[in-house]
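Here's the structure, in C-alpha cells; my notes come after.
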Amino acid sequence: VLTTLQYQAELAHQCVPSEISLKKLLMVAAFSIAASTQAFADSQIIHDSTHSDALGRSIPMYVYLPDGYQTAKEPYPVIYMLHGAESKEDSWVDRGGIKVTADNLIARKQLRPSVIVMPTTGPQTWYVDGNADKAETAILKDLLPFVEKKYNTRKDRAGRSVAGLSMGGYGALNLSLSYPELFCAAGIFSPAIYVPLPPQTSAARRAAQFVDKSGAFDESAWTKALYTSRIDDYKKKGTVVPMWIQSGDHDPLGIVVSAANLYWELNKTQKNAVEYRVVDGGHDWLVFRDSSVSGLPWMNSQCEVLDKGK
C-alpha cells in the first residue's frame, strides 16, 4: 500500500525525456505540488491477480481504491487503465502517477470517487485475440467478472470506462468499438493504431500476436485486429462511446496523424462525443500523464450524463 506522499517523491524519478518544454515541466510540478492538499487522503493502491482460463495464466493487476472505499455501501464506478507495449501492471502506478492524479481529480470533484484497475495480460498482447494469446477474451470473460465480484464496483455501463496509452490506447479503442454496451467512455492516449501497417520501429512487429509460424510479421493478423475492421459494426450498433483522444505533436511513431484520422472518422457520426487534443511532447510519460489528467475528467462528465439519462 502506497501513500500520496510517496507518490509525490516518486514523480521526480519517473521517466522524463531529455528535451521537454519548461511549460510542461512546470505544469507537472504544479499538479504534484497541489497533491499536498491530499497528502493524507486515505486512498490505497493494492496488488491483486486472478487466473485466466483464456490465457492459461494469471492476470496481475494494481487496483486504486479511493478514500472511503472500506466503509462505503454504494458501489463505485470502475475505470480500466491499460498499459503500453513491453510494460506491465505497475506502469500507470510507478510512472503514470495515477494515485496523485486520481486523488486530486476526486478532491476537485472532476472525477467521481472510482476504483481504477490497472491489469496486464502480458507485455505484448495488444489486448486482442491474436496468434499467441486470447487477451481480448481474457479481459471480457476473466478480468471484468473477477473485478465485479471481488470489488465494490458498479456493473452497469454508466459505471464502467476504459483508457490506455499506446498499445493500451489501441486496446481501449478496440474494446470500446466492439463492446460499446459495456463502456460509458474511453480514453485513447497516444494510440498505436497504425493504418494500414505499423512502422518498422513499432513493437507490434515483434509481438507474438502478429507473427506467423515462420517468425515473420503477419499482416493479415494485424489488419484483422485493427480498429478499422471493427468500426463499421460499431456504427451499425448505434451505441456511442464518447472518446477522448490525445497525442504528442512530436510523437516519433507518427501517432499524431493516426489519432487525427481516427478523430475525423468518429467525428462523422458522433461529433458531439469525441474530442482530440494535440499537446507538446513525444511518445513519453509526460504526454501520457497529461492525457490522464485531461482525459479522465472529460470521460467522467460523459459517464455522468449517461448516468443521469437512465
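Taking the six-membered ring where the residue is Trp, Trp222 and Trp126 present perpendicular rings, their angle passing 60° and hence far from 30°. Between Phe189 and Trp92, the ring planes lie perpendicular to each other; the angle is over 60°, past the 30° to 60° tilted range.
A pairwise comparison of heavy atoms in Val63 and Val117 identifies CG1-CG2, 4.4 Å as the closest pair. Counting all heavy atoms, side chain and backbone alike, Ser294 lies closest to Trp244 at CB-CZ2, 3.7 Å. Shortest non-hydrogen contact noted between Ser43 and Lys99 is OG-NZ, 2.8 Å. Pairing each heavy atom of Ser161 with each of Cys184, the nearest pair is CB-SG, 4.0 Å. Residues Ala138 and Leu55 share a closest heavy-atom pair of CB-CG, 3.7 Å. Residues Ala185 and Gln302 come closest through the heavy atom pair CB-CB, 4.3 Å.
To the nearest 0.5 angstrom, Asp280 atom CG is 5.0 Å from His250 atom NE2. To the nearest 0.5 Å, atom OH of residue Tyr127 and atom CG of residue Leu140 are 13.5 Å apart. Of the inter-residue distances, the one linking Lys236 atom NZ with Asp232 atom CG reads 6.0 Å to the nearest 0.5 angstrom. In this structure, the separation between NE2 on His283 and OG on Ser190 is 5.5 Å, given to the nearest 0.5 Å. Taking CZ of Phe210 as the start and OG of Ser202 as the end, the distance is 9.0 Å to the nearest 0.5 Å.
Judged by distance alone, with hydrogens and angles left aside, the side-chain atoms of Asp249 form a donor-acceptor pair with the main-chain N or O of Gly281 at under 3.5 Å. A donor-acceptor contact shorter than 3.5 Å links the side chain of Ser229 to the backbone of Leu226. Side chain of Gln270 to backbone of Val241: a donor-acceptor contact under 3.5 angstrom is found. Looking at Ser114, its side chain never comes within 3.5 Å of a backbone N or O of Ile116 through a donor-acceptor pair. Listed for the Arg157 side chain is a donor-acceptor partner under 3.5 Å among the backbone atoms of Pro180. Proximity of a side-chain donor or acceptor of Asp142 to a complementary backbone N or O of Ala54 within less than 3.5 Å is detected. For Ser292 (side chain) and Arg289 (main-chain N/O), a donor-acceptor pair under 3.5 Å exists by modelled atom type. Looking at Thr101, its side chain never comes within 3.5 Å of a backbone N or O of Ile98 through a donor-acceptor pair. Side chain of Ser166 to backbone of Gly168: no donor-acceptor contact under 3.5 angstrom is found. A donor-acceptor contact shorter than 3.5 Å is absent between the side chain of Lys237 and the backbone of Glu181.
Between Arg95 and Asp90, every side-chain heavy-atom pair lies at or beyond the 4.5 Å cut-off. The shortest distance between side-chain heavy atoms of Leu65 and Asn152 does not fall below 4.5 Å. For the pair Leu173 and Pro191, the minimum side-chain heavy-atom distance is 4.5 Å or more. Here the side chains of Val287 and Ser247 are not in contact, with every heavy-atom distance at 4.5 Å or above. At least one side-chain heavy atom of Leu105 sits under 4.5 Å from a side-chain heavy atom of Pro297. Considering only heavy atoms from C-beta on, Ser52 stays 4.5 Å or farther from Leu143 through its side chain. The closest side-chain heavy-atom distance from Met81 to Met118 is below 4.5 Å. Thr201 places a side-chain heavy atom less than 4.5 Å from the side chain of Leu253.
Taking the side chain to side chain donor-acceptor pair (under 3.5 Å) definition, one finds that Gln70 meets it with Gln44, sequence neighbours left out. With sequence neighbours excluded, no residue forms a salt bridge (Lys or Arg N to Asp or Glu O under 4.0 Å) with Asp129.
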Item to complete: Go through the steps to decide whether Tyr234 and Thr239 satisfy the test side-chain hydrogen bond (donor to acceptor under 3.5 Å, both in side chains), and finish with yes or no.
Response: CA-CA 7 Å; Tyr234 165 75; Thr239 300; over 6 Å; no
Discussion item. Using the rule given for side-chain contact (heavy atoms from CB on, under 4.5 Å), can you reason through Thr121 versus His83, listing the C-alpha separation, both sets of side-chain angles and the distance that settles it, and then say yes or no?
Written reply: CA-CA 10 Å; Thr121 54; His83 65 74; 6.0 Å; no
Worksheet item: Could you go step by step and tell me if Arg154 and Asp307 meet the salt bridge (charged side-chain N to carboxylate O under 4.0 Å, His left out) rule?
Response: CA-CA 12 Å; Arg154 290 173 53 173; Asp307 224 359; 2.8 Å; yes
Practice prompt. Check the pair Leu82 / Leu165 against side-chain contact (heavy atoms from CB on, under 4.5 Å), numbers first and verdict last.
Written response: CA-CA 7 Å; Leu82 309 180; Leu165 69 93; over 6 Å; no
Discussion item. Would Leu197 and Arg205 count as a side-chain contact (heavy atoms from CB on, under 4.5 Å) here? Give the steps.
Written reply: CA-CA 9 Å; Leu197 298 172; Arg205 288 187 172 271; 3.9 Å; yes
Worksheet item: Could you go step by step and tell me if Tyr76 and Tyr69 meet the ring pair (Phe, Tyr, Trp, His ring centres under 6.0 Å) rule?
Response: CA-CA 8 Å; Tyr76 286 90; Tyr69 175 85; 5.6 Å; yes
Worksheet entry | Test salt bridge (charged side-chain N to carboxylate O under 4.0 Å, His left out) applied to Asp133 and Arg57, step by step | CA-CA 11 Å; Asp133 288 306; Arg57 60 178 183 268; 3.1 Å; yes
Fill in: Cys303 vs Arg112, side-chain contact (heavy atoms from CB on, under 4.5 Å): CA-CA, chis, key distance, verdict
CA-CA 10 Å; Cys303 293; Arg112 298 174 294 179; 3.2 Å; yes
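Checking Asp218 against Gln209 by side-chain atom types alone, no donor-acceptor pair falls below 3.5 Å. Side-chain N/O atoms of Glu136 and Tyr179 include a donor and acceptor closer than 3.5 Å. In summary, the side chains of Tyr64 and Asp103 do present a donor paired with an acceptor at a separation below 3.5 Å, with no hydrogens or angles considered. In summary, the side chains of Tyr151 and Asp48 do present a donor paired with an acceptor at a separation below 3.5 Å, with no hydrogens or angles considered. In the model, Asn131 has no side-chain atom that pairs as donor or acceptor with a side-chain atom of Asp212 under 3.5 Å.
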In residues 254-267, what donor-acceptor pairs under 3.5 Å come from side-chain atoms, sequence neighbours left out?
residue: Asn261; atom: ND2; partner: Val257; partner atom: O; Å: 3.4
residue: Glu265; atom: OE1; partner: Lys268; partner atom: NZ; Å: 3.3
residue: Glu265; atom: OE2; partner: Lys235; partner atom: NZ; Å: 2.4

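Under the 4.0 Å criterion applied to side-chain N and carboxylate O atoms, Glu148 and Arg160 are assigned as salt-bridge partners.
Residues His51 and Phe146 keep their aromatic ring centres 6.0 Å or farther apart.
Linking ILVMFWY residues whenever their side-chain heavy atoms come closer than 4.5 Å, directly or via other members, leaves Val211 and Val128 in distinct clusters. Using a 4.5 Å cut-off between side-chain heavy atoms of Ile, Leu, Val, Met, Phe, Trp and Tyr, with links allowed through other members, Ile45 and Trp285 fall into the same hydrophobic cluster.
Heavy-atom contacts from other residues, nucleotides or ligands closer than 6.0 Å to CD of Glu74 number 12 or fewer. The local environment of NZ in Lys155 is crowded, with over 12 non-hydrogen atoms from other residues, nucleotides or ligands closer than 6.0 Å.
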